[in-house]
Amino acid sequence: GENVEQHPSTLSVQEGDSAVIKCTYSDSASNYFPWYKQELGKGPQLIIDIRSNVGEKKDQRIAVTLNKTAKHFSLHITETQPEDSAVYFCAAITNAGKSTFGDGTTLTVKP
Amino acid sequence: NAGVTQTPKFQVLKTGQSMTLQCAQDMNHEYMSWYRQDPGMGLRLIHYSVGAGITDQGEVPNGYNVSRSTTEDFPLRLLSAAPSQTSVYFCASSELGTPSSYEQYFGPGTRLTVT
């Protein structure tokens with residue numbers, strides 16, 4: 001079945017630094033790659049997504065890149081703030097709507 | 001819009017008991033899904049539905065049943081609860097088949113403990 005590997009599992013950065021989280025997927029039928037932020041006790045919330053026909057997408061301090069040939073996609077957060085501290089999940093979704101999530105990255109931004 | 005709602009928020013079951021986790025959405029979304037989240041792990045897909053009357057299995061379907069008789073509701077049934085089903089359960093919905101589709105909206109979760 002589909003497998004999504006996410007690294008690192010934990011990431012600690014100083015406020016103002018950048019954070020990068022990487023994911024690799026296995027199912028070539030995946031064509032939609034969202035990133036979610038999950039705060040304690042809440043459901044995941046979409047922060048940015050990218051489709052298979054696009055290589056890069058940016059939204060203020062957050063960017064996502066996709067290398068479909070290598071089956072890699074990455075989340076970049078610049079100028080990190082303490083409120084960015086949360087668990088971040090990547091996912092790969094097929095045309096049929098089947099979602100596979102990575103195991104998550106716990107990001108801690110130290111003031 | 002209330003978005004995606006789930007009930008109950010918390011539930012404790014004894015091994016062997018059955019129960020239904022409720023999920024409803026008021027966004028007229030075609031696609032609905034159930035996930036479980038275990039500590040330190042990502043969300044694993046249990047079952048999903050691309051429309052009323054259509055359901056399919058995800059990654060971890062054993063021990064769970066679903067049905068989709070209406071667009072709005074997608075209940076998850078545990079037939080005979082086991083301690084291995086202790087987890088947090090999330091329901092999600094999204095449009096499907098439109099250019100802006102696939103964004104999934106998640107409910108607040110149900111924390112289930114099986115003793």
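All figures in this text were calculated on a predicted structure; none of them were measured in a lab. Note on naming: letters A, B, ... go to the chains in the order of the sequence lines (proteins, then strands), and numbering restarts at 1 for each one.
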Looking only at heavy atoms, what is the nearest atom pair of B/Phe90 and A/Gln38, with distance?
-> CZ-NE2, 3.4 Å

Write out, in numerical order, the residues from residues 101-111 of chain A with a heavy atom short of 4.5 Å from a heavy atom in chain B.
-> A/Phe101, A/Gly102, A/Asp103

Max heavy-atom pairs within cutoff under 4.5 Å with chain A, candidates B/Glu59, B/Arg111, B/Gln6, B/Gln104, goes to B/Gln104

Determine, using the 4.5 Å side-chain heavy-atom cutoff (strictly less than), whether B/Leu21 and B/Phe106 are members of one ILVMFWY cluster.
-> no

Does B/Leu112 belong to the same Ile/Leu/Val/Met/Phe/Trp/Tyr cluster as B/Val60, with side-chain heavy atoms less than 4.5 Å apart forming each link?
-> yes

Is there a path of hydrophobic side-chain contacts, each under 4.5 Å between heavy atoms of I, L, V, M, F, W or Y residues, that connects B/Leu78 with B/Val88?
-> no

Nearest 0.5 Å please: distance from the CG atom of A/Leu46 over to the OG atom of B/Ser94.
-> 10.5 Å

For A/Pro34, is it the side chain, the backbone, both or neither that has a heavy atom under 4.5 Å from a heavy atom of chain B?
-> neither

Most contacts with chain B, counted as non-hydrogen pairs under 4.5 angstrom, among A/Gly43, A/Pro44, A/Ala91 = A/Pro44

Cluster overlap A/Tyr88 with A/Val4, hydrophobic side-chain contacts below 4.5 Å | yes

Which of residues 11-20 of chain B have a heavy atom under 4.5 Å from any heavy atom of chain A?
-> none

Decide whether A/Ile93 and A/Val64 are clustered together by the hydrophobic rule: side chain heavy atoms of Ile, Leu, Val, Met, Phe, Trp, Tyr closer than 4.5 Å, transitively.
-> no

Taking atom NZ of A/Lys22 as the centre, does the number of heavy atoms from other residues, nucleotides or ligands within less than 6.0 Å exceed 12?
-> no

Residue-level contacts of residues 41-56 of chain B with chain A, using a heavy-atom cutoff under 4.5 Å | B/Met41, B/Gly42, B/Leu43, B/Leu45, B/Tyr48, B/Val50

Any chance CD of A/Gln14 has more than 12 other-residue heavy atoms, nucleotides or ligands included, within less than 6.0 Å?
-> yes

Is any residue of residues 31-39 of chain B within less than 4.5 Å of chain A by heavy atoms, and which ones?
-> B/Tyr31, B/Tyr35, B/Gln37

Exceeds 12 heavy-atom contacts within 6.0 angstrom, atom CD of A/Glu15 | yes

